Structures are given as C-alpha cells and as structure tokens.
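By convention here, the first residue in the shown sequence is residue 1. Owing to the predicted nature of the structure, the values given are computational and were not obtained by experimental measurement. Atom set for the values below is all heavy atoms of this structure, side chains included, hydrogens, waters and symmetry mates excluded.
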Amino acid sequence: MKYEQLIDLCKRRGFFYPTAELYGGLAGFYDYGPIGVEILNNIKKEWWKSLVHDNTNIEGINGSIITNSKVWDASGHVSEFSDYLVKCCKGHEFKADQVIEEIAKKKTEGLGVKELQKIVDKIMCPKCKSKFGKISKFNLMFSTGLGPENKETVYLRPETAQLIYINFKNVLNTTRQRVPFGIAQIGKAFRNEISPRNALFRMREFLQMEMQYFVDPKEASKTLDRWKKERLNWYINLGINKAHLRLREHKNKELAHYAKKAIDVEYKFEFGWKEIEGIHNRGTYDLSQHEKLSKKDLKYFDEEKNKKYIPAIIETSAGLDRAFLVFLADAYAEEKVKGEKRVVLRIHPKLAAYKVAVFPLVRKDGLDKKAKKIFDTLNNNFNTLYDERGSIGRRYRRQDEIGTPYCITIDYDTKKDNTVTVRDRDSMKQKRVKIDEILDYISKNL
Ligand code: GAP
C-alpha cells in the first residue's frame with residue numbers, strides 16, 4: 001500500500017516520529033524531524049505569502065494558545081464542540097460516525113444521534129465483538145487549570161479562528177485596513193479526538209492555517225466563491241494533481257453550529273476522499289456572539305456606504321499537517337530503474353527540504369575542498385545539503401527519497417575544466433555545467 005510505504009519512508013528518513021517513542025508514544029501526538037520541519041516551514045511560507053504578502057488587505061497575527069475562557073463560551077465551543085462517543089460492553093471507545101462508516105459501511109454525514117444509534121445497535125465492536133451501548137456527547141476541548149491550585153478552568157484553543165475574531169477591532173484600529181479585509185494566522189490547535197488515526201491526519205495537537213475575511217454581509221456569498229477557487233488553486237499551483245482534489249458542499253444537517261454554508265476541500269487519500277480544508281460562510285455569528293458576551297461594540301462603520309454593521313466572516317481553514325501529508329502523498333512515487341526500485345518524492349521545489357545537494361566524488365585530491373566552496377555559494381542562496389559519504393548512486397537515491405530537486409557532483413573532470421555534473425531528480429538526466437554558472441542554473445530551474 002502506497003500510503004503505508006510513505007509513512008514508513010517518513011519515519012525512516014526523519015520526516016516525523018511518534019512523540020515520546022522512548023516511553024511507548026502518546027496516541028495523536030507527533031514530532032517533526034529534520035526533513036519534515038523544513039517541508040512544514042516551506043508550506044507555511046507559501047501559505048503566508050499567498051495570503052498575507054500577496055494581498056495588501058490581509059494582515060497576519062499570532063494569538064495565544066490559552067485565552068480567557070469566555071471566548072469559548074461565546075464561540076459555542078463549551079456547549080457545542082463535541083463528538084458522539086460510543087462504548088462497547090467491554091469498554092472499547094469509538095467515535096460513533098467512524099465505527100459506523102467502517103463496520104456498517106454507511107455514510108454518516110448529516111445524521112442525528114437517533115439515526116446513528118439505530119445503526120450502532122445493529123453492529124458489534126470490531127475489537128471484541130460485543131454490543132455497543134448508548135451514544136453520548138463528548139466535548140473535544142482540552143482543559144487545564146490556571147494559577148495557584150489550578151482554580152480557574154481554561155482551555156487549549158481548539159481552533160485558531162477565535163483569536164482572530166477577538167482581535168478584529170485591534171487590527172482594524174491599528175492598521176489602515178477597511179472592510180473588506182482579512183486576518184491570517186498559523187498556529188497550534190488542540191482537540192481531544194476520540195480516535196486519532198492515519199498518522200498526521202487526525203491528531204490531538206495539530207497545526208492550522210486560518211484566514212478570516214471580514215465583509216459586508218451582502219458580499220458574503222460572492223466572497224465565498226472567490227476563496228473557494230483561490231484555495232483550490234493554491235494546492236494545484238504547488239503541484240497537487242487536480243484529479244486528486246475536489247470541493248464538497250456540506251448538507252444542511254452537517255453544518256457546524258457557526259456555519260451558514262461550508263465547503264470542504266477534499267483530497268483522494270488511499271483511505272478515501274477526506275477533508276483537508278474547510279471554507280465557511282460563518283455569517284455574523286462570531287462577531288455577534290463576542291459582542292453579546294463582551295458587551296463591547298464590534299460593529300463596523302462603513303464610511304463609503306454610510307452604514308454600521310457587523311461584518312460577515314468568510315473563513316478558509318486548512319490543516320497544516322494534513323497539507324503536509326497531501327504534498328507528500330501526491331509526490332511519492334516508486335519506479336523501476338535498471339531492475340532496482342527507486343523511491344522518489346516529486347515534491348514541488350518550493351516545498352522541498354533541500355533545493356540542491358553537493359557531492360564530491362571522493363573525499364580527497366582537492367575534490368572535497370572544491371565541493372565545499374560550491375556548497376557555501378549555493379547555501380547562501382537556498383537550503384543546500386553536503387554529503388561526501390557512500391557511492392554516488394546511493395547518495396542520489398537518498399536525495400530522491402527526500403525530494404531534493406538537484407544533485408551536483410564534483411569529479412576529476414571538474415579539476416580539468418571547472419564543470420560539475422548536475423543531476424535532475426525527476427528525469428535523472430545529467431548535464432555538465434560550469435562552476436561560474438551553477439548558481440544561475442539552479443536558481444533558474446527552481
Ligand atoms: N475554524 C474552523 C475549523 O477549525 P475544522 O473543519 O474543524 O474548522 C479545519 O478544521 C481544518 O483543520 C480541517 O480541514 C483539517 O485540515 C484540520 N484539522 C481539524 N481537526 C484536525 C485533527 N484532529 N488533526 C489534524 N488536522 C485537523
């Protein structure tokens with residue numbers, strides 16, 4: 001199975017590791033390794049650029065993870081943010097919709113608790129084959145105690161979005177922005193998922209990249225259409241095969257408590273079409289709620305239209321870890337080269353951990369010195385890797401696996417004619433390029 005092999009590669013080559021493996025791990029928590037964190041940072045950079053830097057009317061913020069718990073009362077998370085939990089007679093716990101989809105092979109989108117219970121009553125626990133009991137609601141927020149003796153209950157944020165809403169007026173008053181404008185943020189979110197699974201796909205601590213766009217409510221529908229297209233294109237422009245992406249609109253019954261309309265960007269994983277990003281019309285729900293509970297005026301006075309209103313919010317909410325998985329899953333390929341298996345990660349060069357790797361053929365006769373000089377020049381411009389150990393073939397294979405677009409080999413001919421071999425990851429074609437021209441060559445091709 002390709003997905004399993006990809007996860008195996010990720011562990012083997014240091015993309016990510018289950019957290020605290022030394023102590024048996026902790027379900028739903030992962031640590032990114034040296035290659036993974038580079039790719040993760042590159043995805044963040046591309047997302048930030050496409051929203052904050054490329055749009056003069058989108059600002060960035062970085063909100064706190066723990067905030068006043070009234071925020072979560074106002075947002076509805078304290079009362080509404082729950083999953084349906086079901087336990088079998090022997091105490092095995094499952095997310096009701098997941099166990100139904102897996103065992104009864106039925107779609108659960110939009111089903112209420114009564115309908116779910118009817119199906120659950122007819123299936124058996126996949127772990128021990130005993131019957132299931134009653135479905136209950138389970139709040140997904142992690143809580144902790146604040147101050148001496150942990151007197152005050154506070155929550156680890158379950159989404160980054162609320163930190164943006166509570167800063168709406170701050171950003172408005174401290175920048176030159178006027179509605180319509182957006183606020184973007186990348187950061188951790190925490191959810192006490194009942195069954196974390198598929199490695200980074202469903203975690204208990206994960207990263208979100210969220211952008212909230214504040215508009216006149218009359219413009220909400222048009223704005224949703226705009227962001228739907230822009231967000232889909234972001235994935236396509238970074239190399240994801242169009243055929244592996246689709247947009248799916250939520251049915252009314254499926255809508256989250258805040259949403260007027262919701263569209264998921266879905267990716268075709270080996271384990272099915274799954275949500276990687278949600279694009280939501282949240283209407284005026286969030287600012288109205290915060291206005292009500294804080295008793296502060298969150299209306300906006302539109303000078304051009306000469307009217308005061310609570311802006312509607314169009315949200316684009318992407319999971320960074322899911323995006324990471326998608327970029328890897330779509331790039332992963334296995335092929336036969338001269339009878340041997342080659343694993344290659346055809347990831348977009350902008351996202352690759354290293355843009356180029358530099359190898360001296362041998363560690364002597366001055367080849368290593370020349371190679372280090374070339375490495376220094378390239379590394380000043382883009383993340384470059386230096387490797388002088390093992391056969392050149394093996395070194396190429398290691399770079400193919402982590403998706404390095406170019407490898408440069410310094411050999412005995414380099415001493416004669418000042419040229420090096422540049423090898424392309426995807427075609428495996430090799431070309432001699434003059435040392436003086438190497439920086440230009442790599443820059444142009446990236
Ligand atoms: N602010 C809206 C919001 O949080 P969501 O659909 O619950 O909406 C948005 O989450 C995105 O966050 C999802 O599309 C997904 O990519 C990511 N996400 C949600 N729960 C996750 C989890 N347990 N593990 C990894 N990513 C998750």
Side-chain angles (χ1 to χ4, degrees), residues 43 46-60 75 109-110 159-162 164-165 168 171-172 177-186 208-268 273-289 298-300 302 304-305 307 309-320 322-323 326-327 330:
I43 301 173
E46 288 305 316
W47 185 88
W48 196 262
K49 182 182 178 309
S50 80
L51 290 165
V52 182
H53 294 174
D54 291 352
N55 291 281
T56 52
N57 71 340
I58 299 184
E59 305 280 351
S75 68
E109 284 137 12
E159 62 171 12
T160 60
Q162 297 301 323
I164 293 181
Y165 308 145
F168 162 67
V171 175
L172 191 66
Q177 299 298 350
R178 288 291 162 256
V179 170
F181 78 100
I183 306 179
Q185 178 176 215
I186 299 176
Q208 287 190 316
M209 306 185 286
E210 296 199 303
M211 192 279 294
Q212 315 293 329
Y213 205 74
F214 301 88
V215 291
D216 181 334
K218 286 192 182 143
E219 310 279 312
S221 185
K222 199 170 78 188
T223 312
L224 185 82
D225 283 345
R226 170 193 165 190
W227 286 110
K228 205 165 76 176
K229 285 183 204 125
E230 293 216 6
R231 291 303 305 142
L232 192 67
N233 283 339
W234 182 76
Y235 293 96
I236 295 168
N237 292 340
L238 285 171
I240 303 297
N241 183 342
K242 249 188 202 172
H244 298 161
L245 290 167
R246 72 176 187 195
L247 295 171
R248 187 184 72 80
E249 187 170 338
H250 284 213
K251 298 184 192 103
N252 274 348
K253 275 191 182 171
E254 258 183 279
L255 289 174
H257 62 277
Y258 53 76
K260 286 185 112 168
K261 190 165 175 173
I263 289 133
D264 286 345
V265 180
E266 292 189 334
Y267 178 76
K268 194 176 183 192
W273 283 98
K274 298 283 171 198
E275 172 192 346
I276 55 170
E277 172 160 352
I279 298 156
H280 310 131
N281 176 357
R282 300 181 68 128
T284 54
Y285 175 84
D286 300 279
L287 290 182
S288 303
Q289 281 294 104
L298 294 182
K299 289 178 199 72
Y300 169 75
D302 195 322
E304 267 176 37
K305 295 177 184 162
K307 65 173 186 177
Y309 57 85
I310 292 210
I313 292 167
I314 302 300
E315 163 179 75
T316 70
S317 174
L320 174 50
R322 286 193 192 175
V326 163
F327 286 120
D330 225 60

Engineer: Can you tell me how far CD1 of Ile313 sits from CG of Leu287, rounded to the nearest 0.5 angstrom?
Structural biologist: 4.0 Å
Engineer: Is Asn55 reaching over with its side chain to a backbone N or O of Asn57, donor-acceptor style, under 3.5 angstrom?
Structural biologist: no
Engineer: Can you measure from CD1 (Ile240) to CG (Asn233) and round to the nearest 0.5 angstrom?
Structural biologist: 13.0 Å
Engineer: Kindly give the heavy-atom pair with the smallest separation between His280 and Ala262, and that separation in Å.
Structural biologist: CD2-CB, 3.5 Å
Engineer: Are any of the side-chain heavy atoms of Phe327 and Tyr267 separated by less than 4.5 Å?
Structural biologist: no
Engineer: What residues, two or more places apart in sequence or in another chain, satisfy side-chain hydrogen bond (donor to acceptor under 3.5 Å, both in side chains) together with Lys261?
Structural biologist: none
Engineer: Would you say Met209 and Ile43 make side-chain contact, with heavy atoms under 4.5 Å?
Structural biologist: yes
Engineer: Please lay out, stage by stage, how Leu247 and Val265 fare under the test side chain to side chain contact (heavy atoms under 4.5 Å, CB included).
Structural biologist: CA-CA 5 Å; Leu247 295 171; Val265 180; 3.9 Å; yes
Engineer: Roughly how far apart are Met211 CE and Thr160 OG1, rounded to 0.5 Å?
Structural biologist: 12.0 Å
Engineer: Does a sphere of radius 6.0 Å around NZ in Lys228 hold more than 12 heavy atoms from other residues, nucleotides or ligands, not counting ones at 6.0 Å or beyond?
Structural biologist: yes
Engineer: Please report the shortest heavy-atom distance between Pro311 and Tyr300, naming the atom on each side.
Structural biologist: CG-CB, 4.0 Å
Engineer: Quick check on Lys260: does its NZ atom have over 12 non-hydrogen neighbours (other residues, nucleotides or ligands) under 6.0 Å away?
Structural biologist: no
Engineer: The test is side chain to side chain contact (heavy atoms under 4.5 Å, CB included); show your working for Tyr309 and Val179 and say whether it passes.
Structural biologist: CA-CA 11 Å; Tyr309 57 85; Val179 170; 3.4 Å; yes
Engineer: Once rounded to the nearest 0.5 Å, what's the spacing between atom CD of Glu46 and atom NE2 of His53?
Structural biologist: 11.5 Å
Engineer: Compare every heavy atom of Arg322 with every heavy atom of Glu275, then report the nearest pair and how far apart it is.
Structural biologist: O-NH1, 2.9 Å
Engineer: Within a strict 4.5 Å, meaning less than it, do heavy atoms of the Phe214 and Leu172 side chains meet?
Structural biologist: no
Engineer: Measure from the side-chain N and O atoms of His257 to the backbone N and O of Ser75, and report whether any donor-acceptor pair falls under 3.5 Å.
Structural biologist: yes
Engineer: Nearest 0.5 Å please: distance from the CD1 atom of Ile164 over to the CD atom of Gln185.
Structural biologist: 5.0 Å
Engineer: Using atom types as modelled and distance alone, determine if a side-chain donor or acceptor of Glu219 lies under 3.5 Å from a backbone N or O of Asp216.
Structural biologist: no
Engineer: Going by atom types alone, do Asp330 and Tyr235 pair a side-chain donor with an acceptor below 3.5 Å?
Structural biologist: no
Engineer: Under 6.0 Å from the NZ atom of Lys229, do we count more than 12 heavy atoms belonging to anything else shown?
Structural biologist: no
Engineer: Where do Gly110 and Lys253 come nearest, in terms of heavy atoms and distance?
Structural biologist: O-CD, 2.8 Å
Engineer: Within the 3.5 Å criterion, strictly below it, is a donor on Tyr213 or Arg226 matched to an acceptor on the partner's side chain?
Structural biologist: yes
Engineer: Begin with the C-alpha distance, continue with both residues' side-chain angles, and end with the deciding distance and a verdict on side chain to side chain contact (heavy atoms under 4.5 Å, CB included) for Thr316 and Glu230.
Structural biologist: CA-CA 10 Å; Thr316 70; Glu230 293 216 6; over 6 Å; no
Engineer: Decide yes or no for Glu254 and Arg248: does some side-chain heavy atom of the first lie under 4.5 Å from some side-chain heavy atom of the second?
Structural biologist: yes
Engineer: Go through Lys307 and Asp302 one step at a time and tell me if the salt bridge (charged side-chain N to carboxylate O under 4.0 Å, His left out) criterion holds.
Structural biologist: CA-CA 5 Å; Lys307 65 173 186 177; Asp302 195 322; over 6 Å; no
Engineer: Treating Asn241 as the side-chain partner and Ala243 as the backbone partner, does any N or O pair qualify as donor plus acceptor under 3.5 Å?
Structural biologist: yes
Engineer: Go through the steps to decide whether Glu210 and Ile186 satisfy the test side chain to side chain contact (heavy atoms under 4.5 Å, CB included), and finish with yes or no.
Structural biologist: CA-CA 6 Å; Glu210 296 199 303; Ile186 299 176; over 6 Å; no
Engineer: For Ala184 and Trp47, which heavy atoms make the closest approach, and how far apart are they?
Structural biologist: CB-CH2, 3.7 Å
Engineer: For Asn252, I'd like to know if atom CG has over 12 heavy atoms of other residues, nucleotides or ligands within 6.0 Å.
Structural biologist: no
Engineer: Within 45 degrees of the ring normal and closer than 6.0 Å to the centroid, is that where the cationic atom of Arg282 sits relative to Tyr165?
Structural biologist: no
Engineer: If you look at every heavy atom in Ile58 and Ile183, which pair is closest and at what distance?
Structural biologist: CG2-N, 4.3 Å
Engineer: Please report the interatomic distance CD1(Ile263) to CG(Leu224), rounded to the nearest 0.5 Å.
Structural biologist: 4.5 Å
Engineer: For Ser288, give me all partners under side-chain contact (heavy atoms from CB on, under 4.5 Å), at least two apart in sequence or on another chain.
Structural biologist: Thr284, Ile310
Engineer: Regarding Gln289 and Tyr258, is there a side-chain donor-to-acceptor distance under 3.5 Å anywhere?
Structural biologist: no
